Amino acid sequence: MKIVMLGAPGAGKGTQAKMIAEKYGIPHISTGDIFRANIKNGTELGKKAKTYMDQGALVPDELTLELIMDRFAKDDCKDGYVLDGFPRTIPQAEALRRALSEKGDKLDYAINVEVPDENIVNRMAGRRACLSCGGTYHIVYNPTKKEGICDACGGELVLRDDDKPETVAKRLDVYHTQTQPLIEFYAGEKILKEVDGTKDVAEVFDAITAILAGSVDA
Ligand code: ADP
Ligand code: AMP
């Protein structure tokens, strides 16, 4: 099963993608997590990506595509994946469609997690991220058992630089101009599904699993 998660930054794509990955035994692939791991490890790619990410801008398509195509080549992708934060532009979506169709393959679902802009700033200001394992929490809506410590790996949680309110406004702007057109793109491909992302985490997940139930063996 090959799934793309769509939605504004902070809509809950990563939260839901992790739950989908666990339930269906497919990898969760987040380009943002891969960029952050590269930044943490001081790689050349990380250095290049950081300059864009710090400004709330998108990393150029060619860098992103190189990275994601390498990731798709890994063995764990053979039974599918859930993509979170990719594609983020029409050229990325077209490159993905091309790469899949060359193998006689295609995406199964594009799930749009719908959350209005006014909820987003609050979500991002309270988000805490683990730079070791990519775990994501919220100080109010999804707190950790021990404050500041990742439940999954014991790593330290941080407020991402790009989650500060001034950068969030820019990221929302970028989302509306460059990423939102993907909703139309996947509607045209007849694989778009919409869920109300303002509901609580478990309700959103129920809505998603109901959508996926049609394509999965029980
Ligand atoms: P995205 O991957 O779309 O950027 P995240 O999954 O990281 O978004 O979620 C953004 C923030 O909102 C996180 O702090 C997360 O814990 C919180 N969150 C996610 N889903 C919900 C929800 N349904 N209700 C309230 N908060 C949520
Ligand atoms: P995310 O973790 O998905 O919120 O992504 C954080 C940042 O990483 C974004 O604001 C972009 O700068 C960069 N990024 C992640 N995925 C992509 C992508 N598919 N294309 C371009 N930039 C990306």
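Read the numbers this way: they start at 1 and go in the same order the structure lists the ligands and their atoms. From a predicted model like this one, the values you see are computed outputs, not experimental measurements.
Short contacts between ligand 2 and Gly32, defined as distances under 4.0 Å to a heavy atom of the residue, involve ligand atoms 2 (O), 5 (O), 15 (C), 16 (N). Within ligand 1, counting atoms from 1 as listed, the ones closer than 4.0 Å to a heavy atom of Gly197 are 23 (N). Atoms of ligand 1 lying under 4.0 Å from any heavy atom of Asp200, numbered from 1 in the order shown and given with element: 23 (N). Close approach of ligand 2 to Thr64 is summarised as follows: ligand atoms under 4.0 Å from at least one heavy atom of the residue are 18 (C), 19 (N), 20 (N), 21 (C). Taking a cut-off of under 4.0 Å to the non-hydrogen atoms of Thr136, the atoms of ligand 1 that pass are 7 (O), 13 (C). Heavy-atom contacts of Lys13 reach the following atoms of ligand 1: 1 (P), 2 (O), 3 (O), 4 (O), 6 (O), 8 (O) (cutoff under 4.0 Å). Near Val201, meaning under 4.0 Å from any of its heavy atoms, are these atoms of ligand 1: 20 (N), 21 (C), 22 (C), 23 (N). Within ligand 2, the atoms closer than 4.0 Å to a non-hydrogen atom of Ala57 are 11 (C), 12 (O), numbered from 1 in the order shown. Listed by number with element, the atoms of ligand 1 under 4.0 angstrom from any heavy atom of Ala8 are 3 (O).
Nearest protein heavy-atom contact of atom 18 (N) of ligand 1 is Arg123 CD, 4.0 Å. Nearest protein heavy-atom neighbour of atom 21 (C) of ligand 2: Val59 O, 3.2 Å. Looking at atom 7 (O) of ligand 1, its nearest protein heavy atom turns out to be Arg127 NH1, 2.6 Å. Taking atom 23 (C) of ligand 2 as the reference point, the nearest protein heavy-atom neighbour is Phe35 CE1, 3.8 Å. Nearest protein neighbour of atom 8 (O) of ligand 1, counting heavy atoms only, is Gly12 N, 3.2 Å. Atom 19 (N) of ligand 2 has Gly85 O, 2.8 Å as its closest protein atom, hydrogens excluded (heavy atom only). Annotation: atom 4 (O) of ligand 2 to nearest protein heavy atom, Arg171 NH2, 2.8 Å. Here the protein heavy atom with the shortest distance to atom 16 (N) of ligand 2 is Thr31 OG1, 2.7 Å. Ranking the protein heavy atoms by distance from atom 8 (O) of ligand 2 puts Met53 CE, 3.4 Å first. Protein heavy atom in closest approach to atom 19 (C) of ligand 1: Thr15 OG1, 3.4 Å. For atom 3 (O) of ligand 2, the closest non-hydrogen atom of the protein is Arg88 NH1, 3.0 Å.
Between Tyr109 and Tyr186, the distance from one ring center to the other does not fall under 6.0 angstrom.
Under 4.0 Å from ligand 2, not a single heavy atom of Lys13 appears. Contact annotation for Met124 and ligand 2: no heavy atom of the residue comes within less than 4.0 Å of the ligand. The part of Asp162 lying near ligand 2 is the side chain, judged by heavy-atom distances below 4.0 Å.
In summary, the side chains of His28 and Asp33 do not present any donor paired with an acceptor at a separation below 3.5 Å, with no hydrogens or angles considered.
For ligand 1, none of its N or O atoms has an N or O atom of Gly126 under 3.5 Å away. Between Tyr141 and ligand 1, no pair of N/O atoms sits closer than 3.5 Å. Considering backbone and side-chain atoms together, Gln92 places an N or O closer than 3.5 Å to an N or O of ligand 2. Taking only nitrogen or oxygen atoms, main chain and side chain alike, Arg36 reaches within less than 3.5 Å of ligand 2. For a threshold of 3.5 Å applied to N or O pairs, the pair formed by Gly14 and ligand 1 contains at least one separation below that value. Not a single N or O atom of Arg128, backbone or side chain, sits closer than 3.5 Å to an N or O atom of ligand 1. Considering backbone and side-chain atoms together, Gly10 places an N or O closer than 3.5 Å to an N or O of ligand 1. Residue Tyr137 has at least one nitrogen or oxygen atom sitting less than 3.5 Å from a nitrogen or oxygen atom of ligand 1, judged on distance alone.
Of all heavy-atom pairs spanning Phe185 and Glu94, the tightest one is CE1-CG, 4.0 Å. Here the shortest heavy-atom pairing between Leu96 and Tyr81 reads CD1-OH, 4.5 Å.
Rounding to the nearest 0.5 angstrom, the gap separating the CZ atom in Arg128 from the OG1 atom in Thr144 is 10.0 Å. Rounding to the nearest 0.5 Å places OG1 of Thr209 at 9.0 Å from CD of Gln16. Atom OH of Tyr24 sits about 11.0 Å away from atom CE of Met19, to the nearest 0.5 Å. Summarising the geometry, atom CG belonging to Leu131 is positioned 6.5 Å from atom NZ belonging to Lys40; distances are rounded to the nearest 0.5 Å. For the atom pair CZ (Arg36) and CZ (Arg160), the distance works out to 3.5 Å, reported to the nearest 0.5 Å.
Using 4.0 Å as the threshold, Ser30 has no heavy atom nearer than that to any atom of ligand 1. Not close to ligand 2: Gly56, with no non-hydrogen atom less than 4.0 angstrom away. Between Lys199 and ligand 1 there is a heavy-atom distance shorter than 4.0 Å. Using a 4.0 Å heavy-atom cutoff, Gly7 is absent from the residues neighbouring ligand 1.
A heavy-atom distance below 4.5 Å is found between the side chains of Val195 and Ile111. Looking only at side-chain heavy atoms (C-beta outward), Val204 and Asp196 stay at 4.5 Å or farther from each other. Residues Leu83 and Thr31 are not in side-chain contact: their nearest non-hydrogen atoms beyond the backbone lie 4.5 Å or more apart. For the pair Tyr52/Phe35, no side-chain contact is recorded, criterion being any heavy-atom separation below 4.5 Å from C-beta on.
The residue among Arg160, Lys18, Gln16, His138 with a heavy atom at the shortest distance from atom 17 (C) of ligand 1 is His138.
With sequence neighbours left out, the side chain to side chain donor-acceptor pair (under 3.5 Å) criterion links Asp200 to no other residue.
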Acceptor/donor pairs from residues 60-67 side chains to any protein atom, 3.5 angstrom cut, sequence neighbours excluded:
residue, atom, partner, partner atom, Å
Asp61, OD1, Thr89, OG1, 3.1
Asp61, OD1, Gln92, NE2, 2.9
Asp61, OD2, Thr89, OG1, 3.3
Thr64, OG1, Pro60, O, 3.1

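With salt bridges taken as basic N to acidic carboxylate O contacts below 4.0 Å, one links Arg127 and Asp163.
The main-chain N or O of Ile34 is found under 3.5 Å from a side-chain atom of Asn38 such that the two form a donor-acceptor pair. In this structure, the side chain of Ser101 does not engage the main chain of Gly104 through any donor-acceptor pair within 3.5 Å. The backbone N or O of Asp54 sits nowhere less than 3.5 Å from a side-chain atom of Asp161 that would complete a donor-acceptor pair. Remark: side-chain polar atoms of Asn41 are paired, donor with acceptor, to backbone N or O of Ala37 under 3.5 angstrom.
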